[in-house]
Number of protein chains: 2
Amino acid sequence: MIVILLFLYVKLVYMQQSVFQIQVQETLYIKDPTTSKVGKLILEQGLLLLEDIGLEEFTFKKLANKIASTESTIYRYFENKHQFLAYLFNFYWAWMDVNIAFAVTNIESSHEKLRRIIRVLTQKVNNDMRTPYIDEEVLQEVIAIESSKTYLSKKVDQENNAGYFVQYKKLVDRIANIILEINPSYSYPNALVSTILESSFHQRYFGMHLPRLTNEMHIQERLEDFLIDICLKTLK
Amino acid sequence: MIVILLFLYVKLVYMQQSVFQIQVQETLYIKDPTTSKVGKLILEQGLLLLEDIGLEEFTFKKLANKIASTESTIYRYFENKHQFLAYLFNFYWAWMDVNIAFAVTNIESSHEKLRRIIRVLTQKVNNDMRTPYIDEEVLQEVIAIESSKTYLSKKVDQENNAGYFVQYKKLVDRIANIILEINPSYSYPNALVSTILESSFHQRYFGMHLPRLTNEMHIQERLEDFLIDICLKTLK
DNA sequence: TTTTTTTGATAGTAATACTATTATTTTTGT
DNA sequence: ACAAAAATAATAGTATTACTATCAAAAAAA
């Protein structure tokens, strides 16, 4: 408990509005977009544009038009669209980390913790009012589709050094520790966790677009059951 | 047995050189690249270029330079680089399908079949001399990194209709049937298979680039053990 | 209210993702 | 071996992308 609270204290910053706010690293932007109106507009409308047309078609020019601004302004916040995506990616996982931390607070059983974590991972999220410029439901959609593209690139090592994946790695570690509580002799805790996380995104996507690759995984309860079943049986 | 041989007969085309050759669908090219010298050069050098610089940096112009030809020539074979990738993607899975078919031939036990399949999936492949213009080892590397990009796009449904994913879907079905032999009441055979397939790529990649997300999965035996363990325990 | 910072407007460049045209080379059918 | 057909190379051109640079205007901070 104390460990978790300390953890939260370190990773969250207390703001004027007397709510917690999720922070991402300085390597993920040139100028912090949360500190200005245009910055927040970039986040808000950029996310919606990404949802709309996907990463490949997404350009700063189109976003600039959408927010009635200019390319040069957006380039003052983000180096390029990949950094923008990495920003959202880290925001998402930092936020999920908090959700998961709350979901397992006061739970004794490690099995139950894992079940709750998987529920949080497979559930459709609720919009978080503390960040009005980020629609978390849309964010989840976008990250599910685009996140693998952040690391499946020739620039992985460089981007990894720049901290593009810290939040994700932290979360994997945290869940892996719970895996080890359940079965301390299991050899592949991190691998199991990252497999589950990736699968939660891709299976849902397959359910919607490539149904032959899956078994109705667009239905949340099925996806949840599928993943919990794999985890608990694997750890027995 | 007979079913498998018939299957092979249908999906493979007997060629002059008295060897089997893997064929991909007509929707995956404008002009069949295997029917000409430049076509084969495009495949061969295109694959190497992809390995070298990745899909994002890959352009037909660069490939044209590499093979001392022109953009317009390449465009006569493939609509764009995504179709080119889809061609390789289907070639890969068609070829793995054959490898897997041979690996399980004459094997009685379904458990053993599954073990052998996972071995084939996680092993570094050997170059297949029947297709001198495709270096299968490089192909595996490239597909591992780029394949998700074929389906994680706004054009999935359209590309799915065009048959961009048939080979992959076929293979998933085939392995899913073996899963059902092991446990006929398991509810998520296809999902388990596609999870394993994706994981076999990504875990190895994590092992090499993002080690904190996995547990030394760049070592083939570990990856194999990890995946077999998950499958067999899940199906118990 | 001056200074500093941020934004908008405009311009420009090299590269990408193509399409089109025509001359030349290669393949093929007889 | 030769004409006809097909394929390729060379060249040009367009709209868009992915930036960078400059400078004036607007907004925020001192």
Side-chain angles (χ1 to χ4, degrees), chain A residues 16 26 28-46 49-50 52-88 133 146 149-150 153-155 158-159 162, chain B residues 16 26 28-46 49-50 52-88 133 146 149-150 153-155 158-159 162:
Chain A
Q16 309 95 292
E26 287 174 22
L28 294 174
Y29 50 77
I30 298 172
K31 180 167 148 51
D32 187 346
T34 63
T35 61
S36 77
K37 214 170 174 182
V38 223
K40 286 174 189 164
L41 252 180
I42 290 169
L43 291 178
E44 181 186 349
Q45 297 298 314
L49 187 60
L50 263 180
D52 211 31
I53 62 179
L55 186 68
E56 303 239 300
E57 286 290 304
F58 179 93
T59 69
F60 279 174
K61 180 129 201 195
K62 289 176 188 165
L63 178 52
N65 283 336
K66 202 178 164 93
I67 63 173
S69 178
T70 60
E71 272 184 285
S72 46
T73 297
I74 300 173
Y75 275 108
R76 262 180 233 115
Y77 286 90
F78 296 102
E79 279 171 34
N80 50 50
K81 67 178 174 181
H82 298 286
Q83 196 186 40
F84 178 65
L85 180 62
Y87 182 99
L88 294 175
Y133 47 92
E146 315 292 357
K149 297 173 193 168
T150 59
S153 121
K154 284 281 160 184
K155 292 177 191 148
Q158 177 195 323
E159 294 187 344
Chain B
Q16 309 97 293
E26 287 173 23
L28 294 175
Y29 51 77
I30 298 171
K31 179 167 146 53
D32 187 345
T34 63
T35 61
S36 78
K37 215 171 172 181
V38 224
K40 286 172 190 164
L41 254 181
I42 289 170
L43 291 179
E44 182 187 348
Q45 297 298 315
L49 188 58
L50 262 180
D52 212 30
I53 61 178
L55 185 67
E56 302 237 302
E57 286 291 302
F58 179 93
T59 69
F60 279 173
K61 180 129 201 194
K62 289 176 188 167
L63 178 53
N65 284 335
K66 200 179 166 92
I67 64 173
S69 178
T70 59
E71 272 183 285
S72 45
T73 297
I74 300 172
Y75 275 111
R76 258 180 241 112
Y77 287 90
F78 295 102
E79 280 172 34
N80 49 51
K81 66 177 175 182
H82 298 285
Q83 197 186 39
F84 178 66
L85 179 62
Y87 182 99
L88 295 175
Y133 47 93
E146 315 292 358
K149 297 172 192 166
T150 58
S153 119
K154 283 282 159 185
K155 291 177 190 148
Q158 178 196 322
E159 294 187 342

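Chain identifiers are assigned alphabetically (A, B, ...) following the order of the sequence lines, protein sequences preceding nucleic acid strands; residue numbering begins at 1 within each chain. As the structure is a prediction and not an experimental result, all values here were calculated from the model.
Atom pair Glu56(B):CD and dT17(D):P shows a separation of 15 Å (rounding to whole Å applied). Residue Ile30(B) contributes atom CD1, which lies 12 Å from atom C1' of dT19(C) at whole-angstrom precision. In this entry the distance linking CD of Glu57(A) with C1' of dA18(D) reads 14 Å, nearest Å. Here the P atom of nucleotide dT16(D) and the CZ atom of Phe58(A) are 18 Å apart, to the nearest Å. Straight-line distance from the NE2 atom of His82(B) to the C1' atom of dC18(C): 13 Å, rounded to whole Å. The distance from atom CG of Leu63(A) to atom P of dA18(D) is 13 Å, rounded to the nearest whole Å. Regarding Leu85(A), its CG atom lies at a distance of 13 Å from the P atom of dA18(D), rounded to whole Å. As rounded to whole Å, 15 Å separates atom P of dC18(C) from atom CZ of Phe84(B).
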**OP:** Could you please spell out the steps behind the side chain to side chain contact (heavy atoms under 4.5 Å, CB included) verdict for Thr35(B) and Lys31(B)?
**Re:** CA-CA 8 Å; Thr35(B) 61; Lys31(B) 179 167 146 53; 4.3 Å; yes
**OP:** Start with the C-alpha gap between Gln83(A) and Ile30(A), add the side-chain angles, then the distance that decides, and say whether side chain to side chain contact (heavy atoms under 4.5 Å, CB included) holds.
**Re:** CA-CA 9 Å; Gln83(A) 196 186 40; Ile30(A) 298 172; 4.3 Å; yes
**OP:** Kindly indicate, with the supporting measurements, whether the criterion side chain to side chain donor-acceptor pair (under 3.5 Å) is fulfilled by Thr70(A) and Tyr75(A).
**Re:** CA-CA 9 Å; Thr70(A) 60; Tyr75(A) 275 108; over 6 Å; no
Please tabulate, one pair per line, each protein N/O and nucleotide N/O from nucleotides 3-5 of chain C that are separated by under 3.5 Å, including the distance.
none

List, with names and distances, any nitrogen or oxygen atoms from the protein found under 3.5 Å away from nitrogen or oxygen atoms belonging to nucleotides 21-26 of chain D.
none

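Judged as a ring pair (Phe, Tyr, Trp, His ring centres under 6.0 Å), and not counting sequence neighbours, the contacts of Phe78(B) are Phe84(B), Tyr87(B). Glu57(B) pairs by the salt bridge (charged side-chain N to carboxylate O under 4.0 Å, His left out) definition with Lys62(B), not counting sequence neighbours. In terms of the side-chain hydrogen bond (donor to acceptor under 3.5 Å, both in side chains) criterion, Glu71(A) has no residue partners (sequence neighbours excluded). Not counting sequence neighbours, the partners of Tyr133(B) by the side-chain hydrogen bond (donor to acceptor under 3.5 Å, both in side chains) test are Gln21(B). Under the salt bridge (charged side-chain N to carboxylate O under 4.0 Å, His left out) criterion, Lys155(B) pairs with no residue at all, not counting sequence neighbours. In terms of the side-chain hydrogen bond (donor to acceptor under 3.5 Å, both in side chains) criterion, residue partners of Thr34(B) (sequence neighbours excluded) are, by chain and number, Asp32(B). Partners of Lys81(B) according to the salt bridge (charged side-chain N to carboxylate O under 4.0 Å, His left out) rule, which considers only residues two or more places apart in sequence or in another chain, do not exist here. Taking the salt bridge (charged side-chain N to carboxylate O under 4.0 Å, His left out) definition, one finds that Lys61(B) meets it with nothing, sequence neighbours left out.
Close to dA7(D), at under 4.0 Å from its OP1 or OP2, lies no side-chain N or O of Tyr77(B). Note on Ser69(A): every side-chain N or O is 4.0 Å or more away from OP1 and OP2 of dT7(C). At dA18(D), one or more side-chain N or O atoms of Lys81(A) fall inside 4.0 Å of OP1 or OP2 (strictly under the cut-off).
Summarising the geometry, atom CG belonging to Leu63(A) is positioned 9.0 Å from atom CD1 belonging to Ile53(A); distances are rounded to the nearest 0.5 Å. Remark: Gln45(B) CD to Ile74(B) CD1 distance equals 10.5 Å, nearest 0.5 Å.
Computed from C1' positions of five pairs at each end, the angle between the two local axes of the helix from dT1(C)-dA30(D) to dT30(C)-dA1(D) equals 30°, rounded to 10 degrees.
Residue-level contact check: Tyr75(A) touches the bases, meaning some heavy atom is under 4.0 Å from a base atom.
Contacts of residues 32-44 of chain A with DNA chain C (heavy atom under 4.0 Å): Ser36(A), Val38(A).
When the nearest nucleotides of DNA chain D are assigned to Glu71(B) and Ile67(B) by heavy-atom distance, the more 5′-ward of the two goes with Ile67(B). Where Thr70(A) and Lys62(B) each meet DNA chain C at their nearest nucleotide, the meeting point lying more 5' is that of Thr70(A).
Counting all heavy atoms, side chain and backbone alike, Lys149(B) lies closest to Leu55(B) at CD-CD2, 4.0 Å.
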